[in-house]
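Read the structure below first, then the notes.
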Amino acid sequence: MILTKIGSIIKQNDNFAIISHFSPDGDAIGSSLALYNMLIENGKSVDIYNQDEVPKRLKFLPYSNYIKNQLLDKKYECVFVLDCGDKDRIGNLVDIFNKTNLIVNIDHHISNTLFADINYVDSNASSVGEIIYNLLKINGFEISKNTAMCLYTSIVSDTGGLKYSNTTSMTLNIAGDLINTGINFTEINRILFNTMTKSQLKLLSKVISTLELYKNDSIAIMHVNKQMLEECGANEDDASDMVNYARDIDTVELGIFIKEVDTNKFKVSLRSKNKVDVRLIAEKFNGGGHVRAAGFTIEGDFETVKKNILEVVSKYWK
Ligand code: AMP
Ligand code: MN
Ligand code: MN
């Protein structure tokens, strides 16, 4: 059992690093911090990394301010890579591979390339948080309130608040167990799902006005560019969940959100409701993800990029 083996590695070593994917979401940060909290509670020495800043809404998580954006000049007995379908998702901190002889990859993307020395990939898990919960339980590690906060954040982030089709009865049982540690889950839910800054609300109104519908209103596209962000005093991460508004339209099966990240460079998010496997579409553009949520980056001018995406998407339309 790989989780038992990973448990032994934790018990037998003292010096760890944890890293997750760039442009981190609640699962990347939540699962990393859950593992971090558990390891330091067990007296281990741990560095936690991400290429990018922690999104504002996740800064309430314990030790989120310990996440470093630059690698230290150090070696580790073991490095955990979390929520990364492939090595490139680590971004410009990929040199961490040269700082250890033991990489452990823990993930839930079906397309995971098994890039590590030890790979534990469970594509039935809602989130990496769910896997970390199992890792701790199977190996008899205590789940403190701090660790539970991080795990709960991870799980509800990737399941849209325990609502998406990746939610199983196991996911709900785990959430229940985490709530029993006494965490203030209503507060966490409010922070994650019912809080907006003034800038975000202004940005949302601009983003919604970019809505375009195709294929009998079953495909919705919205976008955001640098100018819109500037006008609202918002940053890129402020738009991270706006793709959901496109998907939520009653007639829509596929919501597409195109975000300008640089001149002629865009990050695209795809969300589907019931039918379209968006991972397959994302993979056509060298991206990845899950059946109902996937993404990729693409270069070119905006109109060409949009046309290109619609052309590929059309092949999946009956
Ligand atoms: P996002 O639209 O960024 O919220 O991402 C949705 C899902 O797709 C997440 O599970 C991501 O891990 C995955 N994903 C997003 N962008 C990429 C990419 N460039 N390459 C691989 N997977 C991605
Ligand atoms: Mn993620
Ligand atoms: Mn995830």
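In listed order, ligands and their atoms are each counted from 1. Everything quoted here is computed from the prediction, not taken from an experiment.
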Identify, by atom number and element, the atoms of ligand 1 in contact range of Gly289, meaning under 4.0 Å from any of its heavy atoms. 8 (O), 13 (C), 22 (N)

Can you name the atoms of ligand 1, numbered from 1 with element, that are less than 4.0 Å from a heavy atom of Ala293? 6 (C), 7 (C), 8 (O)

Test of proximity, [X] against ligand 1: N or O pairs below 3.5 Å:
| X | value |
| --- | --- |
| Asp86 | no |
| His109 | yes |
| Lys267 | yes |

Using the six-membered ring wherever Trp is involved, compare the ring planes of His108 and His290 and label them parallel, tilted or perpendicular (cut-offs 30° and 60°). tilted

Angle class for the His223/Phe302 ring planes (parallel below 30°, perpendicular above 60°, tilted otherwise)? tilted

A side-chain contact here means heavy atoms from C-beta on lying under 4.5 Å apart; do Asn139 and Ile10 qualify? no

I'd like to know if [X] and [Y] make a salt bridge, using a cut-off of under 4.0 Å between side-chain N and carboxylate O.
| X | Y | result |
| --- | --- | --- |
| Asp262 | Lys226 | no |
| Lys74 | Asp47 | yes |
| Lys267 | Glu260 | no |
| Asp177 | Lys137 | yes |
| Asp238 | Lys56 | yes |

Nearest to [atom], what protein heavy atom do you find, and at what distance?
| atom | result |
| --- | --- |
| atom 11 (C) of ligand 1 | Arg89 NH2, 3.6 Å |
| atom 17 (C) of ligand 1 | Gly295 O, 3.2 Å |
| atom 2 (O) of ligand 1 | Ser269 OG, 2.7 Å |

Tell me if a side-chain donor or acceptor on Glu253 pairs with a main-chain N or O of Val276 at a distance below 3.5 Å. yes

Any side-chain to backbone donor/acceptor pair from Ser32 onto Ala28? Under 3.5 Å, distance only. yes

Can you name the N/O/S atom of [X] that is nearest the Mn ion (ligand 3)?
| X | result |
| --- | --- |
| Asp158 | OD2 |
| Asp27 | OD2 |
| His108 | NE2 |

Please compare [options] and report which has the shortest non-hydrogen distance to [atom].
| atom | options | result |
| --- | --- | --- |
| atom 5 (O) of ligand 1 | His290, His21, Arg271 | Arg271 |
| atom 23 (C) of ligand 1 | Gly288, Cys84, Ser240 | Gly288 |
| atom 19 (N) of ligand 1 | Phe296, Phe22, Phe257, Phe285 | Phe296 |

Non-hydrogen atoms of Gly85 versus ligand 1: any pair closer than 4.0 Å? no

Name, closest N/O/S atom of Asp25 to the Mn ion (ligand 2): OD2

Identity of the N, O or S atom of Asp83 lying closest to the Mn ion (ligand 2): OD2

Among Ile110, Thr113, Ile2, Leu114, find the one that has a side chain to side chain contact (heavy atoms under 4.5 Å, CB included) with Val121. Leu114

